[in-house]
Amino acid sequence: MTAQAFIFDLSAFPSTRAAEAAANAPVADAVRLLDQAIENGLPCALISELPHEQAGEQLRRRFGDTAHHIFSVVLTGADFGARGHKAPYSVVLGQLGVPPDSALAVTTSPRAIAAARTAHIGVQTPKAVVMRKDMRKVTMQTTTH
């Protein structure tokens with residue numbers, strides 16, 4: 001599958017302090033995917049279960065004032081248990097104008113993963129962090145439903 005749009009869960013981007021503490025953590029892969037999507041002109045959306053104020057605060061910490069330039073759609077207060085037209089991924093896909101099989105969800109949240117799979121969206125999640133002496137290797141797992 002070649003993604004035409006990326007839907008990131010805020011859980012894929014921990015606060016910068018957490019990211020610094022976990023050097024070379026799986027967050028690097030989310031950042032790499034985001035950079036590649038932007039470079040290729042692909043639309044990116046962001047979903048968060050957090051209420052608007054808390055999500056906005058984390059977005060500002062992580063992306064500064066550039067979040068509104070990076071993400072075409074930002075959905076806060078997402079209820080990953082919702083179904084039908086109220087399901088967060090359905091809302092975001094509708095806003096992006098992209099069918100489910102053309103999108104890729106990037107998340108570490110089990111609830112977001114389950115919701116993406118229910119919506120028939122491919123999911124990319126950190127699989128494992130393998131430590132080898134002074135070198136860390138991050139692998140990613142992509143699944144489709």
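Sequence positions, counted from 1, serve as the residue numbers for this chain.
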Step through the shown structure and confirm whether more than 12 heavy atoms of other residues, nucleotides or ligands are within 6.0 Å of CG on Asn40.
yes

Euclidean distance, Thr118 OG1 relative to Arg83 CZ, rounded to 0.5 Å:
4.5 Å

Apply side chain to side chain contact (heavy atoms under 4.5 Å, CB included) to the pair Val31 and Arg62, showing each step before the final yes or no.
CA-CA 11 Å; Val31 171; Arg62 179 62 184 92; 2.8 Å; yes

Smallest separation among heavy atoms of Glu49 and Ser109, with atom names
OE1-OG, 4.2 Å

Is the shortest heavy-atom distance from the side chain of Cys44 to the side chain of Phe8 under 4.5 Å?
yes

Using 0.5 Å steps for rounding, measure from the CD1 atom of Ile70 to the CG atom of Leu34.
5.5 Å

Determine the minimum heavy-atom distance between Ala82 and Ala87, stating which atoms define it.
O-CB, 3.4 Å

Beyond-backbone contact of Leu93 with Ile7, side-chain heavy atoms, under 4.5 angstrom:
yes

So CD of Gln54 and CG of Leu10: to nearest 0.5 Å the spacing works out to 10.5 Å

Closest non-hydrogen atoms of Tyr89 and Ala116, given as atom of the first, atom of the second and distance, are CE1-N, 3.4 Å

How long is the straight-line distance from CG of Leu59 back to OG1 of Thr66, given to the nearest 0.5 Å?
9.5 Å

Does any part of the side chain of Lys86, heavy atoms only, come nearer than 4.5 Å to the side chain of Asp79, both counted from C-beta?
no

For the residue pair Arg111 and Asp9, establish whether any side-chain heavy-atom pair is separated by less than 4.5 Å.
no

About how many Å separate CG of Leu96 and OG of Ser102, when rounded to the nearest 0.5 Å?
11.0 Å

Pair Asp35-Arg32, salt bridge (Lys or Arg N to Asp or Glu O under 4.0 Å): steps then yes or no:
CA-CA 5 Å; Asp35 289 344; Arg32 179 185 51 78; over 6 Å; no

Between OG1 of Thr108 and CD1 of Ile113, what distance do you get to the nearest 0.5 Å?
7.0 Å

Taking all heavy atoms of Ser90 and all of Gly84, pick out the closest pair and write down the distance.
OG-O, 3.4 Å

Check: Thr107 and Ile47 side chains under 4.5 Å, non-hydrogen atoms:
no

For His85 and Val91, which heavy atoms make the closest approach, and how far apart are they?
O-CG2, 3.5 Å

Using 30° and 60° as the class limits, which term best fits the ring planes of Phe71 and Phe13: parallel, tilted or perpendicular?
perpendicular

Can you give me the closest heavy-atom contact between Ala30 and Val106, atom names plus distance?
CB-CG1, 4.2 Å

